[in-house]
Amino acid sequence: MTSITNIPLCEPLLYGREWRYVKECLDTNWVSSVGRFVGRFESAVAGFTGTKYGVATSSGTAALHVALQVVGVRPDDEVLVPTLTFIAPVNAIRYLDAWPVFMDADPEFWQMDVRQVERFLVQGCRVKGKELRNRKTGRRVSALLPVHILGHPVDMAPLCKLARRYGLKVVEDATESLGALYRGRSVGHLGDIACFSFNGNKIITTGGGGMIVTDRKRWADESHYLTTQAKDDPLEYVHNQIGYNYRLTNIQAAVGCAQMEVLKSYIRRKRSIADGYRKGLHDVRGLTLMREAEWAKSTDWLFTVLINKRLYGMDSRELMRRLAASGIQTRPLWRPIHMNLPYRSILHDKLPVSARLYREALSLPSSTGLSETDQDRVISKIRELAR
Ligand SMILES: *Cc1c(COP(=O)(O)O)cnc(C)c1O
């Protein structure tokens, strides 16, 4: 039997100063959520994105929960969010007893469809007093939650314009796209507040963790307060609000500091992996490769292709199984959230693009550490299996 190495979808790469910084935490006993690496990590991420403040959290999901709360999303409000996303941002809306309004993906770049957002705000809502209300449900619409999926930014300028016109807050879910640029500006600095994730599969990792970034001191302070159990006195146990235990530990932040030092080279590597796939697969019939908008610089977090069953000769799931048999891990995109049990009863407009992308998409191995030999193996196998 020949033994071939398995090629994973997206695994972390830890080869810099992680070991040294973590050792420093252990040697000095600063292992918990106070310690010099937490503040340093917050400054590094905020500085990198061009925002003034960073607040580290235990996960990207925790960051989203708190960010939505501090911008003023209240129970029974509605928040616009794409249906084609990982489920975390939608759950975060529900943690606050608010409701998602699902938006489709745009067919070109697969991000939240800004034209559908406009149609909903203009035709589906009415202004009542100073508030915007959904005509069908009567609920207040208070925020937009664009998700920059797969490393590529959402078309933010028209979205922010709509937000200003209707007095809505913009919370960016930038968890998959740290380092991506929109018209030369960093994601995380395009709306009112933004969230990042440092889960193991993201472009950089702390094992698990997240961050809120914003230019508004009041929101940063409140985020810090809510994520550290809402302590109103440093000594006495005085709490004037219900807080959360959502802080990142110094050990995790130490890993994060080391990862931030290599982020730029990781982005370059991801982009060159995407180039490799484009060169190797552009002429395969039945494949549509992920594109980059002319106004965007993607980090190519997970390179994704669409498979047309008729032209390629098999569908995305069959290709996934055939590649798996050769030790190559691939994965479909997320099942659109409105099709998942907790969200099936929520009213929504037609969302056909998301449903099609869900059927046809497959993400290819995109680890920062993917070798050229391994990428060539993926490309050859996909070419070989084509009709
Ligand atoms: C990973 C991810 C999150 C959540 O981050 P965690 O750190 O895993 O909680 C949120 N939104 C999207 C779009 C993600 O991909």
Side-chain angles (χ1 to χ4, degrees), residues 9-12 41-42 45 54-69 73 79-96 100 102-103 105 109-112 143-154 156 170-180 187-188 190-191 193-213 223 227 244-249 252-253 255-256 259-260 270 290 298-304 331-338 340 342-343 354 357-358 361 363 366-367:
L9 182 70
C10 192
E11 60 178 3
F41 186 44
E42 289 173 335
V45 175
V55 179
T57 58
S58 50
S59 70
T61 310
L64 285 160
H65 179 188
V66 170
L68 287 165
Q69 185 169 339
V73 173
V79 177
L80 275 61
V81 66
T83 190
L84 188 72
T85 171
F86 181 56
I87 200 167
V90 184
N91 287 343
I93 295 168
R94 290 297 297 133
Y95 296 165
L96 292 167
F102 293 116
M103 294 289 126
F109 307 113
W110 316 345
Q111 307 294 325
M112 180 154 96
L144 307 178
L145 179 37
V147 182
H148 308 295
I149 63 167
L150 303 172
H152 191 288
V154 174
M156 290 297 284
V170 179
V171 179
E172 285 175 77
D173 180 337
T175 49
E176 297 183 3
S177 300
L178 175 61
V187 301
L190 304 167
I193 195 166
C195 301
F196 291 106
S197 165
F198 308 107
N199 189 28
N201 62 352
K202 299 300 190 316
I203 190 157
I204 61 163
T205 187
T206 57
M211 183 129 12
I212 297 168
V213 296
S223 297
T227 54
Y244 313 102
N245 178 9
Y246 277 174
R247 285 297 277 172
L248 193 75
T249 67
Q252 291 166 307
V255 175
Q259 290 268 290
M260 278 307 287
K270 290 268 195 192
M290 193 175 166
S298 176
T299 62
D300 292 306
W301 171 59
L302 264 189
F303 192 80
T304 301
R331 205 169 169 183
L333 288 185
W334 320 274
R335 183 193 208 193
I337 308 303
H338 70 278
N340 286 285
Y343 297 105
S354 300
L357 292 173
Y358 170 57
S363 298
S366 302
S367 301

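This structure is a prediction, so every number in the text was calculated from the model and none was measured. Counting starts at 1 for both ligands and their atoms, in listed order.
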Go through the structure and list residues passing side chain to side chain contact (heavy atoms under 4.5 Å, CB included) with Thr57, not counting sequence neighbours. Ala62, Ala63, Ile212, Thr227
Would the His152 and Phe109 ring centres measure less than 6.0 Å apart? yes
In chain-and-number order, ligand 1 lies under 4.0 Å from a heavy atom of each of Ser59, Gly60, Thr61, Leu64, Thr85, Phe86, Ala88, Pro89, Val147, Asp173, Thr175, Glu176, Ser197, Asn199, Lys202, Gly209
Which heavy atom in His65 sits nearest to a heavy atom in Ala92, and how many Å separate them? N-CB, 3.8 Å
Can you confirm whether the side chains of Asp173 and Thr175 place a donor and an acceptor under 3.5 Å from each other? yes
Pair Phe41 and Phe198, ring centroids less than 6.0 Å apart: yes
No-hydrogen, no-angle side-chain donor-acceptor test under 3.5 Å, His148 and Glu172: yes
